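Because the structure is a prediction, the values reported are computed rather than measured. Order of the sequence lines sets the chain letters (A, B, ...), proteins ahead of strands, with each chain counted from 1.
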2 protein chains.
Amino acid sequence: MNDHDRIAVAVDVVICMLQNEALTVLLIKRSDQDRWAIPGGIIGVGESLQSAAVRILEEETGMADVYVEQLYTFGEPDRDQRKRVVSVVYYALIPAQQIELKAGSGTDGAAWFNVDELPRLAFDHNEILDYALTRIRNKLEYTDVGFQLLPEEFTLTELQTAYEIVLGEHLDKRNFRRKILQANILHETGGMRTGEGRPAKLYRYRDGAFVEVKARRLFP
Amino acid sequence: MNDHDRIAVAVDVVICMLQNEALTVLLIKRSDQDRWAIPGGIIGVGESLQSAAVRILEEETGMADVYVEQLYTFGEPDRDQRKRVVSVVYYALIPAQQIELKAGSGTDGAAWFNVDELPRLAFDHNEILDYALTRIRNKLEYTDVGFQLLPEEFTLTELQTAYEIVLGEHLDKRNFRRKILQANILHETGGMRTGEGRPAKLYRYRDGAFVEVKARRLFP
DNA sequence: TCAAAAGTGTTCTCGATACACCCATGC
DNA sequence: GCATGGGTGTATCGAGAACACTTTTGA
């Protein structure tokens, strides 16, 4: 078996963040290519898939301690023209904040794109992002990963807005607040956020809280 | 980079079937190992992940046209002592029936194991099966993959029993029947299954039917 | 005529949804 | 005092859950 026949294992990471009332994703452009792509890299010997994902995330954003989860593995033989690459794709949700993008090695540039206005990407990366967004939206509906997209302290309105942006629909304020307070996964920090209008209580995600609703069954 | 450093990509397939009122999984024992393992193999050059899964399934069971879905990719560096292997794991649900097991090459034996009575398996395969079963049960609750475990024609009681076995809990007969008939995914074949007691109507999964319930939202 | 499995409706409870006004602050 | 966003309660509807008897057949 010669080198050309060997299969490379890559890890790609779909990095999502809220910005300007939109869900955005980080894309990079390598010096040797003309299309934007999902950041990724070849897995190191002795490196687990998850740690490769964390490493790539750190290389691109400088952030550690971020929510990262495996999404799917893409391995069509012709997805990369140059050589056979099997990509294990992860997604990461990072808290809304100002990020200084680090230029990774061999990278021409990196930028955040609104997920509803994506250009044509390299390889099968459009397909991967479609898949990732569907999964993230689903997951947001029935687990509490949504908090990963917010800073440590937030107001209920900010939380609701985050949900509305990702799900792409309007939610009822009273119902939203009742439900989330009943779930008992937040606690008031005591602080208030001031600005225009009445100041808002700040909340924090309760340590160790975890909720995952049971799916409504098809055949109960 | 020498050969020892290279990473191999394998595809493993968790093959599930209903048998004797239990959910069972197909395991194999290779000549050179002393523990049972999930069937799998190294992916071929030019072969997609999904077709590798289908190929492995065919090699083990002789069956084609089976429901196959990607589960998760396992890639811890030490999961196989001999060499670095990244396993893309699929699961397959095959209809209850008598299967003649084909002895794959290099295989010492193959056997069906009740999922509640698994031995200690090779590599991290116990962990993989735990994960697979959780996913299959979840999926059964909110999609219609359950039909994949039944033959083409079945009675409502058989269908209910299949669900009860996989979910591990008793379901109410009247609620089950009302819900599944309302869903409009079955049609009566006109045939009846006779046996002890009153004969039962036979049903068939309606072609092209597809249901996936919306998850109950965490924060509506 | 009896055993065995198929088939069939109703009631209650609880969560999901829809909806409109008062409150605290800064300017 | 007014503009701005924060905060609160109630009524309706529908889905989920619990529950027991009649029907059809073969032995």
Determine whether a donor-acceptor pair (N or O, by modelled atom type, separation under 3.5 Å) exists between the side chain of A:Asn126 and the backbone of A:Pro119. yes

The side chain of A:Ala200 is closest to which nucleotide in this list: D:dT25, D:dG7, C:dA6? D:dG7

By nearest-nucleotide position on DNA chain C, the 5'-leaning member of B:Tyr203 and B:Gly197 is B:Gly197

Is a donor-acceptor pair below 3.5 Å formed from side chain [X] to base [N], judging by atom type as modelled?
{"X": "A:Arg174", "N": "C:dA20", "value": "yes"}
{"X": "B:Arg198", "N": "D:dT23", "value": "yes"}
{"X": "A:Arg178", "N": "D:dT10", "value": "yes"}
{"X": "B:Asn175", "N": "D:dA18", "value": "yes"}

Mind checking if B:Lys201 touches a base, just sugar-phosphate, or nothing, with heavy atoms under 4.0 Å?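 Answer is sugar-phosphate: B:Lys201 comes under 4.0 Å of backbone atoms only.
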
Name the nucleic acid region contacted by B:Thr157, choosing base, sugar-phosphate or nothing; use a 4.0 angstrom heavy-atom cut-off, strictly under. sugar-phosphate

Can you tell me how far [atom2] of [N] sits from [atom1] of [X], to the nearest Å?
{"X": "A:Glu188", "N": "D:dG6", "atom1": "CD", "atom2": "C1'", "result": "13 Å"}
{"X": "A:Lys173", "N": "C:dA16", "atom1": "NZ", "atom2": "P", "result": "21 Å"}
{"X": "A:Phe176", "N": "C:dA18", "atom1": "CZ", "atom2": "C1'", "result": "17 Å"}
{"X": "A:Leu202", "N": "D:dG6", "atom1": "CG", "atom2": "P", "result": "11 Å"}
{"X": "B:Leu171", "N": "D:dC19", "atom1": "CG", "atom2": "P", "result": "15 Å"}
{"X": "B:Arg193", "N": "D:dT24", "atom1": "CZ", "atom2": "P", "result": "21 Å"}
{"X": "A:Lys179", "N": "D:dT10", "atom1": "NZ", "atom2": "P", "result": "20 Å"}
{"X": "A:Asp172", "N": "D:dG9", "atom1": "CG", "atom2": "P", "result": "14 Å"}

Aromatic plane relationship, A:Trp36 with A:Phe113 - under 30° parallel, 30 to 60° tilted, over 60° perpendicular: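 A:Phe113 and A:Trp36: perpendicular rings.
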
Point-to-point distance, once rounded to the nearest 0.5 Å, from CG of B:Leu26 to CD1 of B:Ile28: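 One finds 8.0 Å between CG of B:Leu26 and CD1 of B:Ile28.
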
If we check ring-ring contact (aromatic ring centres under 6.0 Å, His included) with B:Tyr72, which of these qualifies: B:Tyr131, B:Tyr90, B:Tyr91?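 Among B:Tyr131, B:Tyr90, B:Tyr91, the one meeting ring-ring contact (aromatic ring centres under 6.0 Å, His included) with B:Tyr72 is B:Tyr131.
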
Which comes earlier along DNA chain D counting from the 5' end, the contact point of A:Arg177 or that of B:Glu196, where each point is its nearest nucleotide?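 The 5'-side residue here is A:Arg177.
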
Are side-chain N/O atoms of A:Arg135 and A:Asn138 paired as donor and acceptor at under 3.5 Å? no

